Amino acid sequence: MSLPRNYLIAPETRTRTKSTALRSQVCQTVFMYAYDISVRMLHTIQGHLNEDLIAPPAHGNEGNYYLPWNVVSVDDVAGVKQFVQHYASIHGLPQPAAPRGHNKPAPTYLPCVTTKKLVHSLYKKSGGTVAYTTFVKLWNKECTDVVIMKPKEDVCGICSDLQSRIARARTEEDRTKHCGALKDHMEKANAARTVYRESIQKAREALSECEPGQSPSFEHFTFDLAQQATIPHHAREVGALYFKVPRRIQIFGVAAEAVPKQMNYIFDEHQSIGSDGSKAHGPNAVVSMLHHHFQHHSRAAPKLSLHADNCCGQNKNRTVLAYLCWRTLVGLNEEIDLCFMRVGHTRCFVDGGFGFIKQKYRKSDVDTVDQLLKVIGELVGFNESVPFTWEWRQWDDYLSGFFKPVKNITKFQQFRFLSSAPGQVQMSGSDTLPDAVLTILKCSVDPVSLVVTDLPPVLQPAGMSHNRADYLFKQIRQHCHEENRDITCPAPIQAAPTAVVEVAME
């Protein structure tokens, strides 16, 4: 059938769209790839496209009188939110600020023993109607600032005490007081952390600016003693070894964050200054390893920045301070800053290095010190091991002849030594005392008389006692592999018999 001549066919209407990505017109395939969408999503967007804007899609239940049976009402959502917030206000520990790096409101921590199942059961007893699964979903969506604490080790004692006081507070005044004290403590801890980060950034900039083969103008190090390792150690540990005392290995780490690189000093208990591994954490041991690291593994920068934890027996003592002052007097450094982090807030780069060693150590079979050095050497990263090749020296007696002890040393957090102010230490960062400048060089000592070649006497390792060697031979030897038993637990050397002298009685 033919159409009449005056019959007009309406032209087909199509909507033409242009796809733009990175300010350029692209094809449909490139547009979907750039925005990671499918063809179905693209057609859905085009369906809601108007002349001026994109209309939001309407929900399928919009306008329906009969809603699905599992829809949660607005009142139920508000009820769940109000109940969780009320529970957190009674049992929670509010924090002064959000964790570093999170742009979120300050969290409120519930005790570790609390579970969402327990909170939901209390909600049901109070007359709530929302089931457990929906209750958890609404909690995670509407109350993101209310979280349950996770079990954690090495927490700050001050933070824990103040949080407990906040939880036990009966009046709003006490609660506000303790919250202010916690906030002040956190600000001081964050300020110390800021100094640590700024020192690392400064060391990186100095390292990037220096030419190859030259010394940078500034270096930063963090040093600490790790938890001792024991040998023999097996990935599948036998139960009997848990109740015994295997051979103890000490690890002392010095980390250069700007490189990054961490040198781990490894020594056995018979190589320690004291017998059977004693005095391994003393000032003579710490200063001897620090001196060896500065002489053999640093870049000889004129300015140093050091960070350590607040352990008085290892780092924060008169011997360490006197040694750093001695370095500025003999011309090894022009400026040295020694900073201590707040107790409980001492996590730093060197602890991360120890963590990698610990993970590898747990999964390895280690019977000897050489095998432990090999385990550290197999780590892909910044960890390197230093076997016992250095010398112990009597630094405490040597430096006590030139320097006086520093008073109130435990109350200050930052110490500075300058070659332009010989024999003086600038102390700051105390909560109760003002900043001070103290002369620790004795009046009878001429700074010119101190030379870098004049070092304290060498201390020989005390070795291992006969009782300890006998214990390892009888109790630990059986847990070593047969080829390593004579290395880790050899037979004790018999002591020479004592001569008996008979005295004639007149």
Side-chain angles (χ1 to χ4, degrees), residues 98-102 150-157 159 186 189-208 216 218-230 233 235 249-267 280-281 285-286 289-290 292-294 297-299 301 304-311 314-316 337-364 366 372-387 413:
R100 182 171 57 88
H102 295 273
K150 297 179 181 179
K152 186 178 180 182
E153 299 179 354
D154 194 19
V155 297
C156 176
C159 292
M186 293 298 298
N190 292 334
R193 179 67 58 177
T194 301
V195 173
Y196 173 71
R197 292 198 298 266
E198 290 177 351
S199 300
I200 296 176
Q201 183 62 28
K202 185 178 178 181
R204 289 173 179 169
E205 294 175 356
L207 184 62
S208 62
F218 181 85
E219 281 188 291
H220 178 266
F221 297 101
T222 307
F223 61 93
D224 195 10
L225 276 157
Q227 184 181 6
Q228 65 184 9
T230 57
H233 173 272
I249 309 298
Q250 305 294 337
I251 305 177
F252 177 78
V254 184
E257 291 88 347
V259 177
K261 186 178 182 180
Q262 177 170 325
M263 308 304 298
N264 299 283
Y265 287 72
I266 313 295
F267 58 99
H281 296 183
V286 172
M289 289 183 285
L290 274 179
H292 182 272
H293 183 272
F294 291 148
H297 301 290
S298 70
R299 300 174 183 267
L304 285 181
S305 176
L306 305 175
H307 267 84
D309 59 8
N310 255 303
C311 183
Q314 300 173 9
N315 313 320
K316 203 172 187 180
D337 288 329
L338 177 61
C339 303
F340 296 95
M341 298 182 182
R342 296 279 173 171
V343 177
H345 302 270
T346 58
R347 294 296 183 186
C348 54
F349 190 88
V350 70
D351 293 322
F354 291 152
F356 284 116
I357 296 175
K358 191 174 182 179
Q359 290 178 357
K360 182 69 174 178
Y361 168 77
R362 283 178 175 176
K363 303 175 183 178
S364 305
V366 181
L372 179 60
L373 295 173
K374 183 179 179 181
V375 167
I376 299 176
E378 292 175 352
L379 288 173
V380 178
F382 50 85
N383 272 301
E384 294 187 16
S385 60
V386 181
Q413 307 298 329

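Note that the structure is a prediction, hence the values are computed from the model and not measured. Throughout, numbering of the chain's residues begins at 1 and tracks the sequence. We use all heavy atoms of the structure for the numbers below, so side chains are in, but hydrogens, waters and symmetry mates are not.
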Note, [X] side chain near [Y] side chain (heavy atom, < 4.5 Å):
X	Y	value
F349	D224	no
R197	T194	yes
F221	L290	no
V254	M289	no
H220	K202	no
D337	V195	no
V386	H293	no
F252	V286	yes

Taking all heavy atoms of [X] and all of [Y], pick out the closest pair and write down the distance.
X	Y	result
P216	A206	CB-O, 3.9 Å
R193	C348	NH1-CA, 4.3 Å
L372	V366	N-CG1, 3.7 Å
L207	A258	CD2-O, 3.7 Å
N264	G253	OD1-CA, 4.1 Å

Identify every side-chain donor-acceptor pair in residues 353-360 under 3.5 Å, counting partners at least two apart or on other chains, and give the distances.
none

Quick one: CD1 on I249 to CZ on F267, what's the gap to the nearest 0.5 Å?
-> 9.5 Å
Do E219 side-chain atoms and R299 backbone N/O form a donor-acceptor pair below 3.5 Å?
-> yes
Apply the test side chain to side chain contact (heavy atoms under 4.5 Å, CB included) to residues L306 and F223: give CA-CA distance (whole Å), side-chain angles for both, the deciding distance (0.1 Å), then the verdict.
-> CA-CA 8 Å; L306 305 175; F223 61 93; 4.1 Å; yes
Would you call the rings of H307 and Y196 parallel, tilted or perpendicular if under 30° counts as parallel and over 60° as perpendicular?
-> perpendicular
